[in-house]
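The block underneath contains the structure these notes are about, expressed in structure tokens.
Proteins get letters first, then strands, A, B, ... in listed order; numbering begins at 1 in each.
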Amino acid sequence: MSLTFEFASPAPVPTPAPDRVTLFVDVILPLPLPKLYTYRVPYELNDNVVIGGRVIVQFGAKRTLSCIVAAVHETPPKEYQAKYILEFIDDAPVVTQPQLKLFRWMAEYYMCTLGEVINAALPSALKLSSESRIQLHPVFVAEGSPYPLDDKEQRIVDALGGEDGKALTFTEVGDLLEVASFHKVIKSLMQKDVIFLFEQMADKYTPKVVKKVRLAEHFVTMAAVEQLFDTLASKPKQVDVLLKYLQRVPVHHNEHLNQQGIEKAALTSSPHLSPSAVNTLIKNGILEQFDQIVSRFPLEENPLAQMPFQLSEAQTTARDEVMTLFGQKNIVLLHGVTGSGKTEIYIDLIRNALDGGGQVLYLLPEIALTAQIVTRLMRVFGSRLGVYHSKFSDNERVEVWNGVLSGRFQVVVGVRSAVFLPFDSLSLLIVDEEHESSYKQYDPAPRYNAREVALMIGNFQGAKVLLGSATPAVETFYMARQGRYGLVSLSKRFGEAGMPEIELIDTRKLRADKKMHNHFSSDLLSAMESKIAQQEQVILFQNRRGYAPVIACQDCGYIPKCQSCAVSLSYHKHAHELRCHYCGYHEGMPTQCPACGSRALRTQGFGTEKLEDDLKIMLPQANVQRMDLDTTRAKNAYQQIIGDFEQQKTNVLVGTQMVTKGLDFENVSLVGIVNADAIIHYPDYRAHERAYQMFVQVSGRAGRKGKKGKVLIQTGDPTQVIFDKVIRNDYLEFYAYEIEQRREHEYPPFTRMIKLTVKHMDQELAQKAAILLTQELVDRLGRSVVLGPEPPYIFRIRNFFLQEIVIKLSREHTVLKQAKLDICAAMDIVRDQKEFRQARLVADVDPM
DNA sequence: AGCACGCCGACT
DNA sequence: GTCGGCGTGCTC
């Protein structure tokens with residue numbers, strides 16, 4: 001100890017901790033990366049750390065990203081120096097703890113990264129993005145540049161203006177120059193020190209603002225108002241405006257009303273008022289204009305909100321049974337035939353759950369989430385109801401997200417992705433049409449099934465889950481039969497409506513007898529004719545869009561195929577072009593055969609478009625409308641078509657799957673399934689289930705409100721087993737038959753499947769990679785559980801050749817977990833192979 | 001996923 | 001000779 005001081009400084013007692021802890025956070029980047037990344041919290045900002053909040057970090061040399069804080073700790077990373085967090089965005093979580101837990105489970109279960117889950121979960125407006133901007137360099141502004149600038153460069157400099165420091169984004173520069181290669185110009189300007197580049201995080205959520213007006217403060221007394229009218233006596237237009245304002249906002253009764261004012265548009269757009277008078281009043285300081293941030297979902301308190309409706313006896317019984325079963329089980333399946341009034345039961349249960357103070361999530365397949373159902377729910381739940389739909393704008397989604405966080409929305413009705421919303425105290429989840437395959441996300445990752453996710457949320461949050469369907473998924477019904485789920489059945493239709501009468505039409509026989517007219521049997525045609533004559537409506541179902549799936553040259557047999565996919569091009573008559581339904585490629589319809597020059601190009605097969613066309617000729621008296629992906633692409637087209645049909649402007653609705661879902665049309669008395677065989681003959685184990693569900697669901701559209709409906713099914717082979725089950729409308733019988741098939745062939749629910757797809761531009765390499773992958777899988781899991789590799793029916797999509805491997809696993813959790821690890825390991829081995837660098841490997845857990 | 005670093009063809 | 005193609009590897 002060598003001290004140079006006279007008085008020794010106090011012995012270095014362990015300093016009473018200066019409380020200077022260094023915090024680190026693990027963040028989830030919105031990227032498909034397998035790990036979390038650790039950043040350091042600037043000491044002064046320790047208090048700002050929020051788990052589930054967003055932070056901005058520098059990732060790599062050039063990128064600035066926003067990400068979610070998943071964990072906070074004090075452990076400095078050993079192998080590297082953590083970078084600092086640049087900025088904190090939120091002072092409260094945007095992602096709740098229960099969500100983080102759920103997202104971790106999803107990533108593990110569906111074999112993807114947390115980043116991918118986060119990416120799918122967050123509305124993109126919550127994902128800040130770095131937008132590169134350029135600005136004039138201060139040195140250049142002061143001294144100019146020693147280098148000469150060319151024309152393009154000068155234009156950019158001009159646009160950036162002088163001292164005011166205006167910044168342009170790259171896109172803006174691109175627009176300015178009208179050329180794509182603006183990077184060169186920017187680069188050159190940067191080298192000349194004329195501009196510099198900076199990154200700016202832009203919050204993409206913009207609140208909705210309305211312009212409002214109110215009376216300027218010093219006029220808000222009776223006396224002042226009266227005086228005002230005197231002064232304005234010679235300005236009748238302005239007086240009109242003021243009168244209107246006072247009528248809407250009776251300031252003389254209550255001065256405080258003035259604070260809220262009214263929307264400016266209410267005055268300016270009124271036909272009796274002059275907009276310029278409004279502006280004059282504002283200019284003269286009599287009215288004042290202000291902005292107010294408003295919700296995109298107007299808070300209209302509905303007086304009818306609590307209006308009770310009467311459940312039928314059957315509904316009441318079912319509701320009570322559900323409630324009783326919830327006492328013993330967390331999951332209940334409500335098996336109710338089409339038209340049995342499940343929705344009313346849901347509403348009743350939701351109301352009940354809300355009274356208990358919990359949140360409710362009500363999931364519907366996309367095509368079933370219609371204005372019809374939303375209006376109905378709005379009427380009951382008013383402003384407590386949030387709606388989450390894929391056709392919503394991003395801003396609207398953020399509002400729902402925030403509304404759930406703030407507690408404003410206690411019920412959300414939504415599609416698949418609504419399972420990502422930040423609930424933290426759900427007491428009830430409803431999955432309607434639980435068998436629907438649209439609950440499963442195919443691509444991209446996470447390839448989740450919202451039904452399964454809902455079940456897991458229920459499990460995590462201690463909430464009850466109600467699954468509803470007229471045609472439950474075989475897996476679901478099995479669980480109910482096993483006693484794992486409660487089961488409630490509703491076998492009667494609501495009201496007096498009976499089940500429709502189903503009839504098969506043997507098209508093969510009729511064709512031989514020359515009783516087929518194009519794709520219509522005379523039976524179907526005459527049935528349609530008579531229904532239309534009786535002012536009743538008809539739905540025709542054909543599960544194929546477009547005009548014809550194939551065109552062929554009559555002379556040489558040539559069939560136009562997609563250049564990027566292994567499919568023939570479908571003919572779309574309206575657009576007069578050939579389209580690929582897999583990659584979207586399209587080209588004009590050729591006038592002659594590209595191979596032999598013949599003009600004899602004929603269509604083969606038929607889609608909704610051709611049916612619509614044929615009907616217009618065969619039933620000229622009918623008003624025919626088509627509803628499929630092609631006619632509903634525009635934002636409100638769907639609503640338009642439904643509306644027209646509802647108001648009976650159309651007699652016949654021809655459509656794909658879309659017409660099968662949850663639409664209640666009271667006047668439909670006939671449903672025709674034009675080609676049942678196309679639905680049954682599908683190369684996978686679920687074909688029968690899907691066909692059964694489809695037939696029953698379409699049939700369910702026939703006959704409601706007391707009218708007995710009729711269903712005509714055209715098929716080339718009426719003897720197929722499945723028809724028997726459909727006609728007798730006996731789900732149990734169908735189930736009994738199907739479950740045996742599943743047991744015998746070891747399909748779900750007796751096993752759990754994982755489908756691996758290998759994609760490669762090179763056919764041979766795709767196959768080689770798949771063979772290696774299979775080998776690696778067999779080594780780890782055993783030969784018996786690995787099937788394939790095999791090219792799928794459509795073996796090439798978007799220029800990638802596909803190979804599929806299916807793994808059938810035991811449903812035991814531990815086995816499953818281990819198997820997934822093994823599968824990952826096997827995939828990594830293939831990925832690490834130099835030869836297969838270009839291969840893409842995708843795992844799909846519980847494929848549909 | 002981007003973005004940088006690094007090694008081989010068609011242009012000033 | 002350089003500009004630029006995209007193959008490979010990393011990002012706290």
Tell me whether A:W401 contacts the main-chain N or O of A:V94 through its side chain, where contact means a donor paired with an acceptor under 3.5 Å.
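Confirmed, A:W401 side chain pairs with A:V94 backbone.
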Is the backbone of A:R686 close enough, under 3.5 Å, to the side chain of A:D684 for a donor and an acceptor to pair up by distance?
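At least one qualifying donor-acceptor pair exists.
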Heavy atoms only, 4.0 Å cut-off, all strands: where does [X] land among base, sugar-phosphate and nothing?
| X | result |
| --- | --- |
| A:E79 | nothing |
| A:R40 | nothing |
| A:L29 | nothing |

Could you tell me how far apart [X] ([atom1]) and [N] ([atom2]) are, to the nearest whole angstrom?
| X | N | atom1 | atom2 | value |
| --- | --- | --- | --- | --- |
| A:R837 | C:dT8 | CZ | C1' | 6 Å |
| A:Y84 | C:dC12 | OH | P | 15 Å |
| A:Q58 | C:dC12 | CD | C1' | 12 Å |
| A:R63 | C:dC12 | CZ | P | 10 Å |
| A:E116 | B:dG2 | CD | C1' | 15 Å |
| A:Y80 | C:dT11 | OH | C1' | 11 Å |
| A:K35 | C:dC12 | NZ | P | 10 Å |
| A:Q81 | C:dC12 | CD | P | 12 Å |

Using a distance-only test with no angle check, is there a side-chain donor-acceptor pair under 3.5 angstrom linking A:D846 and A:Y109?
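Yes, side-chain donor-acceptor contact under 3.5 Å.
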Please pick, from [options], the nucleotide with the shortest atom-to-atom distance to any side-chain atom of [X].
| X | options | answer |
| --- | --- | --- |
| A:Q838 | C:dT8, C:dG7, C:dC12 | C:dG7 |
| A:Y39 | B:dC3, C:dG7, C:dC12 | C:dC12 |
| A:Y37 | C:dT11, B:dA1, C:dT8 | C:dT11 |
| A:L33 | C:dT8, B:dA1, C:dC12 | B:dA1 |

Steps toward salt bridge (Lys or Arg N to Asp or Glu O under 4.0 Å) verdict (A:R545, A:D630):
CA-CA 8 Å; A:R545 67 191 170 94; A:D630 298 306; 3.0 Å; yes
Taking the side chain as everything from C-beta on, heavy atoms only, tell me whether A:D26 gets closer than 4.5 Å to A:Y39.
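Heavy-atom side-chain distance check fails, nothing below 4.5 Å.
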